[in-house]
Amino acid sequence: MEMDQFFSVLAKSDSVDSIETAFFEYVEQRNFKQEIQQLIDKQDYELLGRVRNDGIVLYEDKQWRMLLTLDALTTDPNVAVTFSSESLYSVISNHRYVLHAYPEDDEGIQVTDEKNPITTRQLKLLSSGFAYEFYKPKEKVVVALHNKSIKRQVCARYCSKTGQKLAAYSGTHNLDRYKMFIGIMHQFGTTGSPFLEQLTKHPVNAIRWHALVELFKLDHERAKHILVSFLQDQCPTIRAQANATMTQLAEFERINA
């Protein structure tokens with residue numbers, strides 16, 4: 001499927017159900033590695049797309065965002081998680097997703113004595129009705145398609161042994177609250193540094209990174225020391241961000257030496 005044909009399908013559709021086959025066919029037929037290398041060689045960053053923290057934007061409109069990104073979907077052992085939006089993922093590196101999907105209802109998830117993990121390169125996450133447990137996390141190069149208009153208000157975590165809900169929380173509320181609070185810390189001067197440094201150890205990846213960004217405004221040297229430690233972070237996205245930032249800092253310091 002040609003690029004223009006696929007984007008035409010996106011323009012006419014508002015559900016992943018109607019574009020699922022077209023998306024996977026489109027990704028299978030594209031040699032993204034070669035195409036992106038050619039764009040980099042030409043320094044054609046406009047065609048390459050906008051580079052975001054979560055990947056390279058290949059396409060975006062009011063309804064859809066398609067990204068080329070590093071991904072390592074995983075959860076804690078024996079924990080199944082629901083997700084905040086309908087999404088499609090197609091792995092283009094030499095990896096597979098290994099997961100188990102559990103039917104979900106108001107009481108919990110349905111578990112069985114025998115688990116049969118699903119191994120797939122093409123992953124569809126439903127907006128409701130299922131919780132997912134991922135195994136064997138690996139960094140994968142992934143083309144991800146997200147429907148921006150479909151979101152779940154509640155993300156739940158379940159024990160995949162008992163089926164009982166472990167916790168229910170807003171998928172965005174806590175993160176937005178932390179980001180707002182972190183964003184005003186620089187107004188308190190160096191008083192805010194210990195709080196931000198503590199948050200660079202927060203279990204939520206986005207909060208750790210956001211806290212480090214704000215810490216750079218208050219204590220450059222301490223923030224740089226933490227940035228070095230982020231090169232070994234458990235999250236592949238943070239490791240990639242830290243590596244790119246270190247490269248940019250090194251170049252900046254070289255030019256201004």
Side-chain angles (χ1 to χ4, degrees), residues 1-73 81-97 99 101 104 118-132 134 139-155 170-173 175-176 179 205-206 236-237 240-241 244:
M1 176 173 286
E2 296 296 328
M3 182 187 307
D4 291 342
Q5 289 179 303
F6 176 66
F7 291 163
S8 176
V9 172
L10 285 184
K12 297 175 183 177
S13 304
D14 60 3
S15 169
V16 296
D17 290 319
S18 59
I19 59 92
E20 179 179 4
T21 300
F23 170 73
F24 291 134
E25 178 183 336
Y26 168 74
V27 174
E28 281 293 321
Q29 293 180 2
R30 294 289 297 276
N31 188 342
F32 279 102
K33 182 177 180 181
Q34 181 179 352
E35 290 180 17
I36 288 176
Q37 186 59 55
Q38 290 174 347
L39 292 172
I40 292 174
D41 292 341
K42 296 177 182 178
Q43 297 185 351
D44 194 340
Y45 300 113
E46 182 176 351
L47 283 178
L48 181 62
R50 293 183 294 108
V51 179
R52 296 161 44 98
N53 288 341
D54 48 358
I56 298 172
V57 179
L58 300 173
Y59 174 82
E60 184 168 20
D61 59 23
K62 293 181 179 179
Q63 188 80 7
W64 302 98
R65 177 182 296 122
M66 188 164 62
L67 295 160
L68 181 69
T69 183
L70 281 177
D71 193 49
L73 280 176
V81 178
T82 57
F83 289 83
S84 60
S85 65
E86 282 192 348
S87 302
L88 295 171
Y89 298 86
S90 183
V91 182
I92 60 175
S93 56
N94 190 27
H95 298 89
R96 301 287 193 278
Y97 287 108
L99 72 151
E104 175 191 27
I118 303 164
T119 302
T120 179
R121 292 177 66 92
Q122 300 175 339
L123 179 61
K124 176 184 179 181
L125 296 180
L126 302 178
S127 62
S128 61
F130 288 89
Y132 301 85
F134 290 87
E139 292 185 13
K140 299 174 283 291
V141 181
V142 174
V143 178
L145 182 68
H146 304 292
N147 188 328
K148 295 160 64 175
S149 66
I150 302 176
K151 297 182 179 179
R152 303 187 64 177
Q153 294 182 346
V154 176
C155 301
S170 166
T172 59
H173 174 73
L175 178 58
D176 287 344
K179 283 187 174 182
N205 301 331
T237 301
Q241 289 175 326

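All figures in this text were calculated on a predicted structure; none of them were measured in a lab.
- For the side-chain contact (heavy atoms from CB on, under 4.5 Å) test, residues two or more places apart in sequence or in another chain that qualify with Ser18 are Ser13, Ser15.
- Taking the side-chain hydrogen bond (donor to acceptor under 3.5 Å, both in side chains) definition, one finds that Glu139 meets it with Arg239, sequence neighbours left out.
- Between Ala131 and Glu104, the shortest heavy-atom contact is N-CB, 4.4 Å.
- In this structure Glu20 satisfies the salt bridge (charged side-chain N to carboxylate O under 4.0 Å, His left out) test together with Lys124, sequence neighbours excluded.
- Under the 4.5 Å side-chain criterion, counting only non-hydrogen atoms from C-beta, Ile56 is not in contact with Thr69.
- Although no hydrogens or angles enter the test, the distance criterion places a donor-acceptor pair under 3.5 Å between the side chain of Arg121 and the main chain of Val91.
- The closest donor-acceptor contact from the side chain of Lys148 to the backbone of Asp61 lies under 3.5 Å.
- For Leu123 against Phe24, the heavy-atom pair with the smallest separation is N-CZ, 3.9 Å.
- Exactly one of Leu145, Leu125, Val27 qualifies for a side-chain contact (heavy atoms from CB on, under 4.5 Å) with Tyr89. That residue is Leu125.
- Remark: Tyr97 engages no residue in a ring-ring contact (aromatic ring centres under 6.0 Å, His included) (not counting sequence neighbours).
- Between Val57 and Leu67, the closest heavy-atom pair is CG2-CD2, 3.6 Å.
- In this structure, the separation between CG on Asn94 and NZ on Lys140 is 12.0 Å, given to the nearest 0.5 Å.
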Fill in: Val141/Leu70 under side chain to side chain contact (heavy atoms under 4.5 Å, CB included): CA gap, chis, key distance, verdict
CA-CA 5 Å; Val141 181; Leu70 281 177; 4.1 Å; yes

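- Tyr59 and Phe7 have parallel rings, their planes meeting at less than 30° on a 0 to 90° scale where 60° marks the start of perpendicular.
- Expressed to the nearest 0.5 Å, how far CZ of Arg30 lies from CG of Leu58 amounts to 8.0 Å.
- In terms of the side-chain hydrogen bond (donor to acceptor under 3.5 Å, both in side chains) criterion, Thr120 has no residue partners (sequence neighbours excluded).
- The shortest side-chain heavy-atom distance between Phe23 and Gln122 does not fall under the 4.5 Å cut-off.
- At least one side-chain heavy atom of Trp64 sits less than 4.5 Å from a side-chain heavy atom of Ile19.
- The backbone N or O of Ile118 lies less than 3.5 Å from no partner atom in the side chain of Arg96, so there is not a single donor-acceptor pair.
- The side-chain hydrogen bond (donor to acceptor under 3.5 Å, both in side chains) test applied to Asn31 returns Gln34, not counting sequence neighbours.
- Thr82 approaches Phe130 most closely through the heavy-atom pair CG2-O, 3.4 Å.
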